[in-house]
Number of protein chains: 2
Amino acid sequence: MTEKKNIKIIIIGGGLVGSLCASFMGKRGHDVAVYEKRSDIRTAKLSPGRSINLALSHRGRRALRSVGLENEILKTSIPMKGRLLHDLTGKTTSIPYDPVTNEVKFKFYGDSPTKLCIYSVGRNFLNQTLLRAAEKYPNVKLYFNQKLVSSNFNQGTVTLLNTNTCETYEEVAELIIGADGAFSSLRRLMQQTPLFDFSQKYIQHGYVELSIPPERGHLITPNHLHIWPRGEFMMIALPNQDNSWTLTLFMPFDKFENLKTEEGIRKFFWETFPDSIELIEENELVRVFTRLNNPSTLVSVKCKPYHVGSKYLIIGDAAHAMVPFYGQGMNAGFEDCFLLDDLLGKLDEDIQKTVNQFSESRVESAQAICDLAMYNYEEMKSLVTKLTYRIRRALDNALFKQFPDKWVPLYNSVSFSHMDYLQCLENRKWQDSVINKLLLLLITMLVWIAGFVSLKLWRAI
Amino acid sequence: MTEKKNIKIIIIGGGLVGSLCASFMGKRGHDVAVYEKRSDIRTAKLSPGRSINLALSHRGRRALRSVGLENEILKTSIPMKGRLLHDLTGKTTSIPYDPVTNEVKFKFYGDSPTKLCIYSVGRNFLNQTLLRAAEKYPNVKLYFNQKLVSSNFNQGTVTLLNTNTCETYEEVAELIIGADGAFSSLRRLMQQTPLFDFSQKYIQHGYVELSIPPERGHLITPNHLHIWPRGEFMMIALPNQDNSWTLTLFMPFDKFENLKTEEGIRKFFWETFPDSIELIEENELVRVFTRLNNPSTLVSVKCKPYHVGSKYLIIGDAAHAMVPFYGQGMNAGFEDCFLLDDLLGKLDEDIQKTVNQFSESRVESAQAICDLAMYNYEEMKSLVTKLTYRIRRALDNALFKQFPDKWVPLYNSVSFSHMDYLQCLENRKWQDSVINKLLLLLITMLVWIAGFVSLKLWRAI
């Protein structure tokens, strides 16, 4: 074995994916410098009332486990064992994520046999923990208020701006990783190089965050992801550590127009989410919506490849920002870190081969989860309430129970396994074709039986 | 009627579309300032050997006619009355664009009954003519070496850099039009505003330009667009005013790898384009390819909407760059100018309504021609040689001859009419369905006839 190389790595972005990536690269023994354009989230004053939470599932957990952080994160996260649907009358229906726990299934998942659930985790807490963890490596340095300005892709340099001093300076590295989010600056520069495919697509729905304060948190069933599916739009709620809940209302932009007046707001909530009003408080609803300028937007980003030249690579949202409806944005980003680390090991720290193979193997998989996330909005806001969806779900679960390592429902393969996203999608297509064939067989048999019975009857009379 | 408003308009880009747009706006009486980042093409030294030519067809001609430039341009352009296909043995087949000229058809086209053809026109000559024409309006000013740096979309300003003096300055206007090409700076800024969908997609084929010198121009049949279709790749030739021809070889990037050595180059041309060698000269071929670094790339750009706020609009390649295989890139850009002018008139120079309606009505049409351009590569490089394509073409032409105002083949509606691109596509789909139904009817009739004949035969024996 050759001696381990000590590589100089620059990471643009110290958010969730950037800081986790720093730990991975730090653990490999490389010299890592992280440049984050905002100030240090651990010391900065946060805007009050914003408590975004994320759903951590198996892919994210595996990555955290690799750098020894899984337990610390899970300890301060809240398990959600299923979806809880709220109908118009306030009646709730539980749809567990884990219809059946058994040994074989966990062999497939590669996990310990605990109930399958996803975890609600606060973005700020998680980011702070990841930054602290990265900084523990002596070979990892974090620099805040440093903004990427430009890049010389031929020379392998980046130009950064210190936003405190307004000075710009150049840095050089052997590997430059952009983990700077959906509106990535590095990607914007890569976009200007030849043969870089890129697309950004906004959905025509926006969102607004609301919250249930800690003192009323007990009024809502714990350990669930709550959904108020309303066909064209929906509201969801995720629990926070302090007993509060964060609600998010997703809706077409034009429907938000009805929420400009106090009367409109009250009418809308009493008509569509009556059981949520005692949780949020009617006056709070009026306050939030009358102060609202515009709902937040949701973008889906795809590009190909993820690298430029032999040194530049983008990961996480910078490479594949997705709409949040599969809860996989962060998990996919964390999995990127895991896969990048794995490739570096397999390819003996050869950067050129690594960035090439990362693109090669990851682009289509990430595009698959972007598409699935888009599709899951349909499922969440309307399908969950439909009979056909429920029949399919029951069928999926029954087959899953019988063949736990053969028949894994789509949601489970995405959220509770490490199966390639593309394979999850292929798997689902295969399942669809099997079910269609079974249905055809069933219909054929029924026709035969009906024919046989009518023949008997005809002979009898 | 209200008095005509005098609007301050900034146009970013003084290329083909920008300079034509300046004439349109100048003619409307508005105060127009054009900022072009390169130096004045009329005085700048051009890189020798590059003589890009473009195919001008009906949409472009109508726009030029509106500002009184059609005749001047056509006079110095070369009509191409059809495609001339070259097979491997050097045998040629002519496919005229105009299978039948008659009065009714021209009623549909809205043109005088001359033979339908497209015109090969030199980019530099055209750009120079358009700049001269724009400058004739006293209310149009052209500024060269002025680069767009940033834009404040709320205030309706742009910041420009004078690349001679390195000074930046701000300009304000009531309408700011980005006509700055496929890699538009204004679009790059618009991309960072919310809800702006954007995609850029490179095809995995590149191109290299070659030329036939004037002294050998007579060796090739005049007044045609020559095509050497070779299935996976192709070469085309367009005539220039000085009897020279510009050839373009389009090919997958990996195939260009075989053209790195003198031996490879000679072998490739003798095997695939033997009849082109005496035109270009073998030594010249070797010279071009051994000096070549990388083939040029081909990008397709789509975005939605084309405007931001109430003042900013992109047109031409900035809004919808397409691959060159339908010869519609420039024509679509010129048509943008025509449609924008038309809308301003209809909407009484209301800028906000105009930019809104322009987006509303143009985005899908332009996306249709982008898709058609992509599809036409297939047609040019392989379909033209296939029997099914030729049967379809014959059928199209026969129906066209019978119903010249009802059955217009796709290529004709795109190139020789002003029908909305989207409608051209819909029209083609309708034609496909009609032909499929006719085929089904034909088959049914044949089966009946066969049945009838066999019955007769059976009775006879």
Side-chain angles (χ1 to χ4, degrees), chain A residues 37 147-150 153-154 161 180-208 251-254 256 292-305 307-309 318 320-321 323 359-360 363 367 370-371 374, chain B residues 37 147-150 153-154 161 180-208 251-254 256 292-306 308-309 318 320-321 323 359-360 363 367 370-371 374:
Chain A
K37 74 171 174 207
K147 197 179 153 189
L148 177 69
V149 178
S150 66
F153 290 107
N154 295 322
L161 168 76
D180 48 347
F183 303 101
S184 167
S185 301
L186 186 61
R187 187 191 63 223
R188 201 169 288 148
L189 298 167
M190 286 164 79
Q191 244 171 268
Q192 297 169 42
T193 64
L195 299 175
F196 190 84
D197 288 351
F198 168 76
S199 86
Q200 63 182 39
K201 193 171 169 52
Y202 286 86
I203 60 168
Q204 290 307 306
H205 290 230
Y207 71 93
V208 168
M251 203 158 69
F253 286 111
D254 51 6
F256 278 106
L292 181 72
N293 284 320
N294 283 308
S296 302
T297 58
L298 295 161
V299 71
S300 190
V301 167
K302 291 180 183 175
C303 40
K304 184 184 174 182
H307 72 287
V308 162
H320 45 64
V323 292
S359 274
E360 191 96 9
V363 167
Q367 290 188 351
C370 285
D371 292 340
M374 204 69 104
Chain B
K37 75 172 175 208
K147 196 179 157 190
L148 177 69
V149 178
S150 66
F153 290 108
N154 295 321
L161 168 76
D180 47 347
F183 303 101
S184 166
S185 301
L186 186 62
R187 187 192 63 222
R188 201 169 288 147
L189 297 168
M190 288 165 78
Q191 244 171 268
Q192 297 170 42
T193 64
L195 300 175
F196 190 83
D197 289 350
F198 168 76
S199 85
Q200 64 183 37
K201 192 170 169 50
Y202 286 85
I203 61 168
Q204 290 307 307
H205 291 230
Y207 71 91
V208 167
M251 203 159 66
F253 286 112
D254 52 6
F256 278 106
L292 181 73
N293 284 319
N294 283 307
S296 303
T297 59
L298 295 161
V299 72
S300 190
V301 167
K302 291 180 183 176
C303 41
K304 183 184 176 183
Y306 290 160
V308 162
H320 46 65
V323 292
S359 274
E360 191 95 8
V363 167
Q367 290 188 350
C370 285
D371 292 340
M374 204 69 104

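Pairs engaging residues 182-194 of chain A under the salt bridge (Lys or Arg N to Asp or Glu O under 4.0 Å) rule: none recorded [sequence neighbours left out].
Not counting sequence neighbours, the partners of B:Lys302 by the side chain to side chain contact (heavy atoms under 4.5 Å, CB included) test are B:Ser199, B:Gln367, B:Cys370, B:Asp371.
Closest heavy-atom contact between B:Gln191 and A:Phe198: NE2-CE2, 3.9 Å.
Neither the backbone nor the side chain of B:Phe183 comes within less than 4.5 Å of any heavy atom in chain A. For B:Ile203, the part lying near chain A is the backbone, with the side chain staying farther off; criterion is any non-hydrogen pair under 4.5 Å.
One distance of note links CG of B:Leu195 with CD of A:Gln200; it measures 10.0 Å at 0.5 Å rounding. Atom OG1 in B:Thr297 sits 14.0 Å away from atom CZ in A:Phe196 (nearest 0.5 Å).
If you tally non-hydrogen atom pairs under 4.5 Å between each of B:Ser300, B:Pro194, B:Cys303 and chain A, the highest count goes to B:Pro194. Ranked by heavy-atom pairs shorter than 4.5 Å toward chain A, the options B:Gln204, B:Lys304, B:Gln192 are led by B:Gln192.
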